[in-house]
Amino acid sequence: MPMLSVQDILETNRMIAENRLDVRTITLGISLRDCGHPDIKVFCRNIYDKITRTAEKLVQTGEDIEAEYGIPIINKRISVTPIAIVAESCRTDSFVPVAEAMDAAAKTVGVNFIGGFSALVEKGYTQGDRILIRSIPAALATTERVCSSVNLASTKAGINMDGVRELGGVIKATAELTRDRDAIGCAKLVVFANVPEDNPFMAGAFHGVGEPETAVNVGVSGPGVVKRALEEARGADFGTVAETIKRTAFKITRVGQLVAQEASRRLNAPFGIIDLSLAPTPAVGDSVAHILEEMGLESCGAPGTTAALALLNDAVKKGGIMASSYVGGLSGAFIPVSEDAGMIAAVERGSLSLEKLEAMTCVCSVGLDMIAVPGDTSAATIAAIIADEAAIGMVNNKTTAVRIIPVPGKKVGDRVEFGGLLGHSPILPVSRFKADDFIARGGRIPAPVRSMTN
Amino acid sequence: MKVVITIIGRDRVGIVAMVSAALAANSVNILDINQNIVNGFFNMVMIADMSGAAINLKELQQLLKDKGQAMGLEIKVQHEDIFKAMHRI
């Protein structure tokens with residue numbers, strides 16, 4: 001192999017030092033399927049022991065790889081089997097103690113989030129699902145690091161509208177229980193359609209039932225690197241734009257693949273997937289909105305934004321797919337409002353609305369993410385917003401999600417501060433027209449014709 | 001194992017001598033050196049082999065970081081695989 005060129009070396013280090021190239025997360029998936037016990041105390045001890053034993057070296061390994069290769073690895077995290085499944089045999093009416101055991105395990109091993117306080121109810125509830133969903137508000141209020149998710153719809157099953165209605169209320173209750181911290185509990189709760197079972201990103205990560213005993217899943221990032229590359233292609237046609245993004249995504253993903261392989265080897269856990277996502281942070285120079293604006297839009301949300309995002313999302317996948325042996329998770333550009341400096345500015349400028357964000361979710365990863373809305377938004381309205389997103393996911397055979405925060409006491413024009421990677425946001429206006437009777441119907445929206453692919 | 005050493009800082013007498021003496025003292029073999037001065041700023045990229053080294057990567061990183069700081073330089077030592085992963089198929 002020829003010697004590395006100085007240009008290549010300097011380019012890599014410039015991406016890291018100036019354009020915030022990093023590996024966003026190494027997430028260790030851990031199966032808890034062998035932890036079940038009728039006594040919830042024994043069950044909690046079982047999961048605490050298994051998580052702390054399996055992830056003992058996770059943080060140290062991440063830090064070692066970061067130091068040796070000189071690439072920042074921002075988060076080390078854990079995902080576990082959905083708790084609604086593994087805690088189902090406990091004789092109890094609340095899973096809050098389970099969330100507390102997960103939180104304690106996360107603190108012991110030093111990870112900042114643990115995902116999997118989750119239920120999969122796209123077609124209906126089991127007893128464990130009911131208990132879990134009822135436990136979500138208290139679980140998120142009493143723990144710091146636990147993340148929760150509920151899958152409410154799929155292309156194959158349709159939309160569980162009873163679940164949609166209930167989650168509208170769960171989100172309101174979670175906001176109320178954490179009102180002293182600007183409803184931070186809601187930032188740790190995602191509802192999904194077509195949820196992936198190997199996603200390394202929070203708050204939606206869990207370790208699916210078809211996964212192995214353990215798995216190393218890695219999420220890459222690098223909006224700043226893509227933006228910088230596009231600065232070199234100003235005025236060029238879209239073929240050039242797509243090609244530039246593909247080349248950049250390839251390089252970013254190769255770094256993720258290297259980190260994933262090393263982490264897998266050192267942790268003695270199989271490599272699961274690379275998630276080819278562009279994940280922004282609130283830091284300047286780490287924004288997906290600014291990439292869209294670099295393509296020629298005055299402000300994110302302007303006409304043309306959906307097309308720009310569609311191109312970006314597709315080019316990231318095309319570039320990343322050849323760079324990694326296994327691709328999975330969410331794999332696409334994220335558009336979380338409060339976590340993206342450009343999205344925040346666009347909302348403040350009045351160019352980006354909830355309705356435009358909904359359109360954007362048709363062509364990119366995930367959905368309405370980290371959206372702060374007025375505290376008086378009703379549970380039925382939140383449920384209806386969830387139903388709309390779920391419908392987009394169901395019909396288009398893609399993942400969609402809603403992470404919405406109705407901040408008690410706040411109204412349009414106010415701001416909310418979540419801190420850290422969760423960022424800050426102005427309160428977005430929500431339609432004043434009601435969907436109460438629509439949400440009151442309940443039942444299940446049948447799977448669409450396009451689900452019949454056999 | 002091969003490592004890439006990058007050195008950036010204001011130019012002065014003795015930078016190359018300091019780095020190469022530190023590497024030689026710890027049996028790290030230099031394979032390639034590329035160095036220039038742009039507007040008074042010193043830039044050097046070295047590729048070195050640590051297979052016979054008397055210290056490990058972490059220790060070398062710390063050693064050169066300390067020695068660099070004493071001379072107002074930023075010195076990074078990285079496993080070469082990150083560059084190979086990104087730029088070689």
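Side-chain atoms are counted along with the backbone in the values below, which use heavy atoms only and exclude waters and symmetry mates. Each chain gets a letter, A, B and so on, in the order its sequence line appears, and its residues count up from 1.
The contact between A/I16 and chain B is made entirely by side chain atoms (from C-beta outward), counting heavy-atom distances below 4.5 Å. At a 4.5 Å heavy-atom cutoff, the contact between B/V77 and chain A is made by backbone atoms alone. Proximity to chain A is absent for every atom of B/K2, based on heavy atoms less than 4.5 angstrom apart.
Of the residues considered (A/I71, A/D8, A/V6, A/D64), A/D8 shows the highest number of contacts with chain B, using heavy-atom pairs under 4.5 Å.
Interface with chain B: from residues 253-282 of chain A, residues A/R254, A/V255, A/L258 qualify, criterion being any non-hydrogen pair under 4.5 Å.
Ion pairing of A/E11 with A/R14 is absent here, as no side-chain N (NZ or NE/NH1/NH2) approaches a carboxylate O to less than 4.0 Å. A salt bridge links A/D286 with A/R24: at least one charged nitrogen is closer than 4.0 Å to a carboxylate oxygen. Using a 4.0 Å cut-off between charged nitrogen and carboxylate oxygen, A/R234 and A/E294 count as a salt-bridge pair.
Nearest approach of A/L330 to A/P196, heavy atoms of both residues: CD2-CG, 3.7 Å. What you find for A/G342 and A/S287 is that their closest heavy atoms are N-OG, 3.5 Å.
Atom CE of A/M322 has 12 or fewer neighbouring heavy atoms from other residues, nucleotides or ligands inside a 6.0 Å radius. Remark: B/K65 NZ is loosely packed, at most 12 non-hydrogen atoms of other residues, nucleotides or ligands lying under 6.0 Å away.
Here the side chain of B/D49 pairs no donor or acceptor atom with the backbone of B/N29 at under 3.5 angstrom.
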